[in-house]
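Heavy atoms only: backbone and side chains are in, while hydrogens, waters and symmetry mates are out. By convention in this document, chain letters (A, B, ...) are assigned in the order of the sequence lines, proteins followed by strands, and residues within each chain are numbered from 1.
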2 protein chains.
Amino acid sequence: MENRLKELRELAVSHRLKRLSENLINDMKRLYKELKIDYEPRWFAISHFLIENKSASINELSKATGYTHPAVIQIVEQMIKNKLIETSKSINDKRKRKLVLSLKGTEIFNSIHPIISDIEESIKEINKEAGYDILNIIESFENTLKEKSLYERTILKVKKRQFDAVEVFRYSPSYKEYFINLNSEWLQKYFEVEKVDLKILSNPETEIIDKGGEIFFARYENEIVGTCAAIKLDNENFELAKLGVTEKAQGKQIGRKLVLAVIGFAYARGAKAVVLETAKNLIKAINLYESLGFKYIPDFHKSTYKRPTFWMKLDLR
Amino acid sequence: MENRLKELRELAVSHRLKRLSENLINDMKRLYKELKIDYEPRWFAISHFLIENKSASINELSKATGYTHPAVIQIVEQMIKNKLIETSKSINDKRKRKLVLSLKGTEIFNSIHPIISDIEESIKEINKEAGYDILNIIESFENTLKEKSLYERTILKVKKRQFDAVEVFRYSPSYKEYFINLNSEWLQKYFEVEKVDLKILSNPETEIIDKGGEIFFARYENEIVGTCAAIKLDNENFELAKLGVTEKAQGKQIGRKLVLAVIGFAYARGAKAVVLETAKNLIKAINLYESLGFKYIPDFHKSTYKRPTFWMKLDLR
DNA sequence: ATAATTTACGTAAATACTTACATAATATAT
DNA sequence: ATATATTATGTAAGTATTTACGTAAATTAT
C-alpha cells in the first residue's frame, strides 16, 4: 500500500502539470476580464506571429504556435468575428488563405502590451520565489522527451519484462500434443493443415529430433503458449519452422524468444545459416524475422506447401 | 520587436506546460492501448483512492483527486459502465453515494501494476536526463501560487501602474465646468441633482475654496476624468464630498487617488477626522472608503439630501 | 501528360474537462 | 421548532482542444 501510494505521486505528474497550466491560463483570462479588455489568451500566439510576420496562412500559424490546424482555424474564426483578423485568398497558391491583423487587431494587441509586461514580471517573480526557471525546465523536458518519449521508454521496459518472463525449454515426448495444437491454431486460421504439415506435426521425433533438429516450447505464466522447430537441412543449414504462439499470448515477446532459441541452437551446432519458409499474410511473423536480420531470398527452393510461400535467410557468419 | 519576442517566451509558459502534460497523458493512453489493457489513465486516481480507502463518496473523490465533482461523476459513470465500480446509497446520509471498486475493478487495477511501475521508472529516467525532479518543481510552483496567484500578483502591478498614471491637481476657475459635469454624471445615474447639490456644484469657490476647503481633479491619459472636494466643517473635521469619476475611466485607481488627496489635505491642515456622506447603492465608492479605513457611524448627522444617506468617518489621529 | 502523392484547408464529431445552475438532505442559528 | 445556510449530488451546456475524414490544388513520379 505504502509502496503504491508513492508510485501515484510520480504518475500524477501529468495531471498536476495540466492543472498548473490551467491555473495560469485562467488567471490570465480573469485579468483580461477584470481590466475589461476584450481579449482571450488563446489569441495571443497568433496575434503575436501576425505582428511579427505581417501575414501568414493557417498552416504556418499552426506550425508556429503548436496548435493543430483545426484549432488555428477555430481561433482565427473567433478573431475574425471580433474583427481582429482579415482574410483573403492567397494569389500564388489557391489553397492557401492569407491572414493579416486588422487595424483593430493591431491596436488591441498593442494596448495589452503593458498588461503582458506585468504578467511577465509576475511570472519572473514566481520563478524567483519557487526557485526554478520554469521555462528552462519545460525546455529541458521537451528536449528529453523529443529524444525518447515516455511511450518509447516505457514500452522498452515492458518488452524487456515480458521477454524475461518467458521460459523456453526443449522437446520431450510429453509435450507432443502442444506441438500439434499450437501449430494447428494458426494453420487453420490463415490456411489449412496440409498433409506435409501433418506429417511433421504428428511425428516430431522421427521428423525433427532424430535428424539432429530440436523443438522448443515457451511457457508464460505457467502455461505453454508457443513452440518453434529447428530442422537440420544439412551440416551448414537449419530451417526454422512451425513457429506458433497462441493468439491470446501474442505480443508478449514469446515468438522472439523462440526464434532466438532456434538461432542459438543452429549457431551452437556450427551452422552457417538459418532459413525459413513463410507466407505474405503472416505479417507479424515477417516483421519479427526482419527485426532479427532475416532477409528475403528469391528462388531459394520451390514451395513445400500448397499455400504460396517464400523463403528468408539469416547468415550466421 | 526583439523585446516583444522575448516576452512571448515567458507568456507561453502555460501553453507549453499544457502541451507537456498532454504529451505524457497521450503516451500513457497509447501504452494501455498497445498492451491491450482496457483502462483509461483518467481512471487511475479514482481507482487508486478506492483501493486505499475501500469506499468513498463523489465529493471525497473530488477532493482527493482535484477533479471537480461533475468530472468525478462522469469518470465514475464510465467506470460503472465498464463494471469497475459498484454504487449504492449511503445509509447514514441519504445524499451521499457509496462507491466501491468491483472485483473486476480491483483485478484490472492490480494487473496494470507492473506497467505503472514501468511508467514510474521511465519518469524517473526522464527526470534524470532532464536534470530536474519534475514533481518537486510542480510542488514548489503550486505552493508559490497558493501564496499569491498569478492573478493577484499581476493585478497589484496593474493597479500600481494605473495609480502612477493618474495626475491629481487642485482647483482653478477654468476647471469649474468639470466639477459640475463629473458630479452630474453620477448624480443623474443613481439619483437626481438636488438643490443642495446644485448650490455647491455651481459655486465651488464661495461654498468650498473660500471656506478653507479644496477641490481636486484627476487627469488620466490627458483627460480630466474625476474630481473630489474637501469641505472644511470646523477646525477638526473635513468632509469628503462630491467624488465623481466618469464611467469609462472607472476601475483605474482614480477615485482612490482623489480620496487620498483629500485625506492628505485634511491631515496637512491638522484635522482630526474626515467624514463623508454616502448612499447604500454606491457600492464601489463604499468599498473604496472601507478599504482606506473609513467606518460607518450611525446617527452622526441628519441627512443633507432627499436621497437616503449615511455617514462614514476616518480618524486621522 | 497522366497518375499518384502530398499539401492546405475545411468540417464534424469526440474528448475531457469546466461553469452554472437546480434540488434534496442535513446542519446550524435564532 | 423553524428559517437559513451548507453540503452532496445531479444535469445541461459551454470550452478548448483533438481526431478523423473529405476535397481541392499543387507537386512529384512515371
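Within 4.0 Å of Asn92(B), counting heavy atoms only, lie sugar-phosphate atoms of the nucleic acid but no base atom. Lys89(A) comes within contact range of no nucleotide atom at all, as no heavy-atom separation falls under 4.0 Å.
Below the 3.5 angstrom threshold, one finds a donor paired with an acceptor across the side chain of Arg95(A) and the base of dT7(C).
To the nearest 0.5 angstrom, Ile46(B) atom CD1 is 8.5 Å from Leu99(B) atom CG.
Whole-Å rounding puts the Leu20(B) CG to dT17(D) C1' distance at 17 Å. As a whole-Å value, the separation of Glu40(B) CD from dC17(C) P is 10 Å. Distance, Lys18(B) NZ to dC17(C) P: 11 Å, rounded to whole Å. Protein atom CG of Leu99(B) is 14 Å distant from nucleotide atom P of dA8(D), rounded to whole Å.
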Salt bridge (charged side-chain N to carboxylate O under 4.0 Å, His left out), that's the test. Do Arg153(A) and Glu121(B) meet it? Break it down for me. CA-CA 9 Å; Arg153(A) 288 166 197 271; Glu121(B) 279 306 306; over 6 Å; no
Could you walk me through whether Thr278(B) and Phe310(B) pass the side-chain contact (heavy atoms from CB on, under 4.5 Å) test, one step at a time? CA-CA 6 Å; Thr278(B) 187; Phe310(B) 63 92; 3.6 Å; yes
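Nearer to the 5' terminus of DNA chain D, by closest-nucleotide assignment, is the contact made by Lys98(B) (compared with the other of Asn26(B) and Lys98(B)). Each of Asp93(B) and Arg42(B) lies near DNA chain C, and the nucleotide nearest Arg42(B) is the one positioned closer to the 5' end. Between Glu22(A) and Lys96(A), the residue anchored nearer the 5' end of DNA chain C, judged by the nucleotide with its closest heavy atom, is Lys96(A).
Ion pair Lys148(B)/Glu129(A) not flagged as a salt bridge, since none of the NZ, NE, NH1 or NH2 atoms sits closer than 4.0 Å to an Asp/Glu carboxylate oxygen.
Ring geometry, Trp43(B) versus Tyr39(B): the interplanar angle exceeds 60°, so the pair is classed perpendicular (tilted spans 30 to 60°).
Within residues 60-87 of chain A, the residues having any heavy atom under 4.0 Å from DNA chain C are, by residue number, His69(A), Pro70(A), Ile73(A).
The listed nucleotides are dT26(C), dT9(D), dA8(C); the one nearest the side chain of Ser57(B) is dT9(D).
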